[in-house]
Number of protein chains: 2
Amino acid sequence: MAEATPQVASPVRELRIGEVAKRTGVTPRTIRYYEEIGLLPAVAGRDPGSHRLYGERDVERLEELLQLKEVLGVTLEELREIATAESARAALRREWHEDEPDAGRRREIIDEALGHVASQLELVRRRKAEIEGFEDELVARRRLLRKRLREIGANG
Amino acid sequence: MAEATPQVASPVRELRIGEVAKRTGVTPRTIRYYEEIGLLPAVAGRDPGSHRLYGERDVERLEELLQLKEVLGVTLEELREIATAESARAALRREWHEDEPDAGRRREIIDEALGHVASQLELVRRRKAEIEGFEDELVARRRLLRKRLREIGANG
DNA sequence: CTCTAAATTGACGTGAACGTAAGAAAGAGT
DNA sequence: ACTCTTTCTTACGTTCACGTCAATTTAGAG
């Protein structure tokens, strides 16, 4: 029961851009570019010229985005729209639950994460359905070809 | 049993590039570009300057390629490699079956198409597996989040 | 305080996949 | 033979998603 570090929700920003880049398998340039186009939020409270500092949360978020990009094959613009939509939904729900005393602070965070996962699952499953559609087409085509082959084999 | 048009395997080339473009949902430029990079074979026996003429087979082939591109999210270079590999396999099998009398002419064609379908199915299913991997990750993550939520709900 | 590795901004470069403009030529219809 | 639409070739332009200098600055180690 010794869990009393005086951090309520400290971001623990300790990673620099090179370290984040290594962990996610991209280059620093890519991270700056993503920030530039608004896909990643600009590191808050940072004087121009000083180093960007990130936390584990930021790394996880970037990994999510990279995986969505690869799996869905979407452009960075579409990815930005997805991210924006997620934020908007999160904000709305936060407002909705505003009146709670505070007992559910962690609850809100988990709830938000659940929302992210849900919307991502929807996208992934939509993509999967598309692929399965094409797969079915191919299987049907194969069936037709095999039928023709049997017919030829019968009278040829 | 009146099936005696004097065409053994006539290509029936009758469509011009604009028509092919409309049917496949791309622009003429795209079709020429695909030919330029060797993704589509150059229309055979055509004097420079004269119009390109295509048949239904060509349209179907282009549709296949476009669908593969979209579903797999591959580059045109990779797509070209896939097409090349298919042709190579087809050529090999043709050589292998060379000694047949000729009774299996249509058989060979169907056989070749079956080969194409098989290799495409493999690619599509590989991609599907990747997506399902990510889907599983998301589902696992959701399960974990829900567990945490229940734990909080119990003592909070 | 110095040294140095890593980061910052700014700018230009790059490859993929086409778009677009221009002038000439082809080919279907009359 | 003539018109009118469509295509042809050539060539330069464009967008996306970063890569690559270059000239500073920053910030952690000694």
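To find a chain, count down the sequence lines: A is the first, B the second, and so on, and within it residues start at 1.
- Nearest to the side chain of A/Arg46, among C/dT8, D/dA17, D/dT7, sits C/dT8.
- For the residue pair B/Glu78/B/Thr75, the side-chain donor-acceptor check at 3.5 Å is satisfied.
- Under 3.5 Å, the side chains of A/Thr84 and A/Ser87 contain no donor-acceptor pair of N or O atoms.
- Using a 4.0 Å cut-off, no side-chain N or O of B/Arg32 falls inside it from OP1 or OP2 of D/dT9.
- For DNA chain D, the residues of residues 60-83 of chain A within the heavy-atom distance limit of 4.0 Å (strictly under) are A/Lys69, A/Thr75, A/Leu76, sorted by number.
- Within the 4.0 Å cut-off from OP1 or OP2 of D/dT20, not a single side-chain nitrogen or oxygen of A/Arg29 is found.
- Judged by distance alone, the side chain of B/Thr24 and the main-chain N or O of B/Val20 form a donor-acceptor pair under 3.5 Å.
- Here A/Arg52 lies in heavy-atom contact (under 4.0 Å) with sugar-phosphate atoms only.
- The side chain of A/Thr27 places an N or O atom within less than 4.0 Å of a non-bridging phosphate oxygen (OP1 or OP2) of D/dG19.
- Screening A/Arg93, A/Arg94, A/Arg89, A/Arg107 for a salt bridge (Lys or Arg N to Asp or Glu O under 4.0 Å) involving A/Glu112 leaves a single residue, A/Arg94.
- Remark: A/Tyr34 is in phosphate contact with D/dC18, judged by side-chain N or O atoms under 4.0 Å from OP1 or OP2.
- Where B/Ile37 and A/Arg16 each meet DNA chain C at their nearest nucleotide, the meeting point lying more 5' is that of A/Arg16.
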